[in-house]
Structure formats: C-alpha cells, structure tokens
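Okay, so here's the structure we're looking at.
In each ligand, atom 1 is the first atom listed, and ligand 1 is the first ligand listed.
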Amino acid sequence: TDFIEQTLSAPENAEESALRPLSFSDFAGQDKTLERLKVMVGAARDRGEPLNHILLSGPPGLGKTTLSLILGNEMGTKVNITSGPVIDKPADLAGLLTNLNEGDILFIDEIHRIPKTVEEYLYSAMEDFRIDIMIDQGPNARSVRLNLPRFTLLGATTRMGLLTAPLRSRFTLQTRLNYYNHSVLQGIIERTCGILEVPFEPAGAAEIARRARGTPRIANNLVNFCRDYAQQRGNGTITQTSAAAALELLEIDQRGLDEMDKQVMRVMAENYRGGPVGLGTVAVAVGEEAHTLEEVHEPFLIQEGYLQRTAQGRVLTEKGWHVIGLEPKGGAQT
Ligand code: ADP
C-alpha cells in the first residue's frame, strides 16, 4: 500500500498528538497565515469578543487542525471538533450549535463535504447567531427560532474550489496553508526528534525534510520509520545515510515522489501521450480513488511542476516526462 496516502488518511494516534504545537510560538512556517491569525486573535481579545469566523484551506497534513487547537489555546476557549460529512441533517447542526458556549470554537473539518441542506442553516448561524428550524410535520409543522451563543466557526478544507460562494463569503478571513520549505520542515523534524528523544544528525533531518513533500504530518511519520530503521540497521542515530536508506525502503525518492506519483505520470505519458487527460481516467488506470489523487498526489505534483491542470484535463510537463525517464512526445507537449 501507499505510505503517503496511508499517513494522510489515518486517524491520529497518541504519539502524534504529543507532537502537536500548542501555541503560535511553537508553530513553524506559514508566516502570512500566522500573522493574520495573530492580528485577529489580538483584536478579539482586546475587544473582549469572540474571534471572527475563519476558513483554513490547503492539502492534508499541513496544520489546519493544529492551528484550530492553537486558536482555542490562544483565545482561552474550548474547541469542538467535527467534520462536514458527519453533519448529516439540519438537526445535527442545531444540536452542535446549541451545545456551544459563548466564545467557543466549532471546528468543521472537510467543510466542503457538508450537505447542501445543512449548509443553508449555517448561513444564519454564522451571520446572526440564530437558526430557524422546522419542527413537527403536516398541519402542526412550524418554524422555531433558536438563538445561539456567539461562537467562532473555523472551517477547514482541502478543496477551496468546492465551497459555495455564499458560504465562503461568510468567513472574515480565508487563508491558505502552503507546502513547507525544506528548512522549515527540517526544524519541525528536529523538534519531533527532540520530543521523541531520537538521536539525529542535522544532515539526517535534512534528508527527511527533502523527501517529506513539504508536509509536517508526513515528516513526523518518516521520522518514526527512520528511527526504527536506525535502530535495526544502524547505530540508533538518524544519519543522512540511514535516513536515505530507510526512505528508499519506503520507495520515497530524493524528490519525495512515491510509487503512486510515478505511476500516475507513467500512465499519463504512456497511455495518453502526456495528456490532457481527465483525472478520473488516470485514477482508474492506476487503481486509486480519484479523490485521493486529487487531494494527496496531484497538489504536490502541480506544486513541484510535474503536472499542470488545464481546462481540458491534466497535462504532464517537460519536467514530469523527465522525472520518469522519458522524452516529451505527442500530446500537448509538442
Ligand atoms: P491538517 O489538519 O491540515 O490535516 P494537522 O493539523 O493534523 O493537519 O497536522 C498534522 C501534524 O503535523 C500534526 O500532528 C502536527 O504535529 C504536525 N504539524 C502541522 N503543522 C506543524 C507546524 N507548523 N509545526 C510543527 N508541527 C506541525
């Protein structure tokens, strides 16, 4: 199975929770987003008001959940965590909202997957802190207004484009998390090694950073595997050599590409002359779910310049052809 995909979809275990930064000062990178959040937190605290609604977007594993917990800590309020697909009907939402206290944060992960019938109720909840729900049926059916405490909605999404405009517009701040650069990621890896008390050489941490796809959650998981590898095949210290060997064993190459990434590019090159080709078609050919390709593999391949998204479909770039050892031919490349 695919290590990267598994890492990003698995629920968090206790050891991972111990690695979560708890305050702004613990959180590395994402300078712009952090600055925006600090401004909003500072202002809300000065006015003694709840934080305004915030939408965090970006690929999985970059720190959206972490930031929501940090915002709770910084505001000194409780964070209630839920996710879009779990909120099945308006009554579920009403239940969540009426259980909140003044100033509480409601974190809705995967907010783009909230059903449309529920989404409409969210509008008045966010804007006016009330919802009108229908109770009873038939001749007794009537609408009841529920007043809500002033709460903060933190939405997280991997797919900003799937959010409707009316929902998006109700967030005061929409901010995007980007892949981390190698040096920031190296810092995160060294912090993780410190917390886990794993001996490491900086060059070993750097080696992991280069192959972690700019993603802290992947970096932390690679640290775990590299620690095991160093214990079993080395002297217990994560060195550059032992980290490189461990990651080769996971089939993660020097650029952070895994087998699935390469398979996607090979299918595009060999079966579709480099595209344009629809993502669904590629997904069937490689035996992976389209949404996994879209959320996990594609954003990284695009960010690194191997793939382009066009109106006609996905296109392999020259860099993409070369990374799988082929010369561009046919398709859109000529
Ligand atoms: P998301 O919600 O975007 O999928 P998470 O917030 O769950 O991502 O982050 C995944 C893991 O990565 C967390 O357990 C946390 O330990 C780590 N992490 C994320 N961002 C940072 C950061 N800026 N600094 C240190 N660790 C981080």
Do me a favour and list the nearest non-hydrogen protein atom to [atom] with residue, atom name and distance?
atom                    : answer
atom 9 (O) of ligand 1  : Thr66 OG1, 3.5 Å
atom 27 (C) of ligand 1 : Pro216 CB, 3.7 Å
atom 8 (O) of ligand 1  : Gly63 N, 3.1 Å

Number the atoms of ligand 1 from 1 as they appear, then name those within less than 4.0 Å of a heavy atom of [X], with their elements.
X      : result
Asn220 : 16 (O), 17 (C)
Leu19  : 16 (O)
Tyr180 : 20 (N), 21 (C), 22 (C), 23 (N)
Ala28  : 22 (C), 23 (N), 24 (N)
Pro60  : 4 (O)

Is there a nitrogen or oxygen of [X] sitting under 3.5 Å from a nitrogen or oxygen of ligand 1?
X      : value
Asp26  : no
Gly61  : yes
Arg217 : yes
Pro21  : no

Pair Asp132 + Arg145: basic N to acidic O under 4.0 Å: yes
Contact partition for Leu62 relative to ligand 1, non-hydrogen atoms under 4.0 Å: backbone
Ligand 1 contacted by Gly29 (non-hydrogen, < 4.0 Å):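 Under 4.0 Å: no for Gly29.
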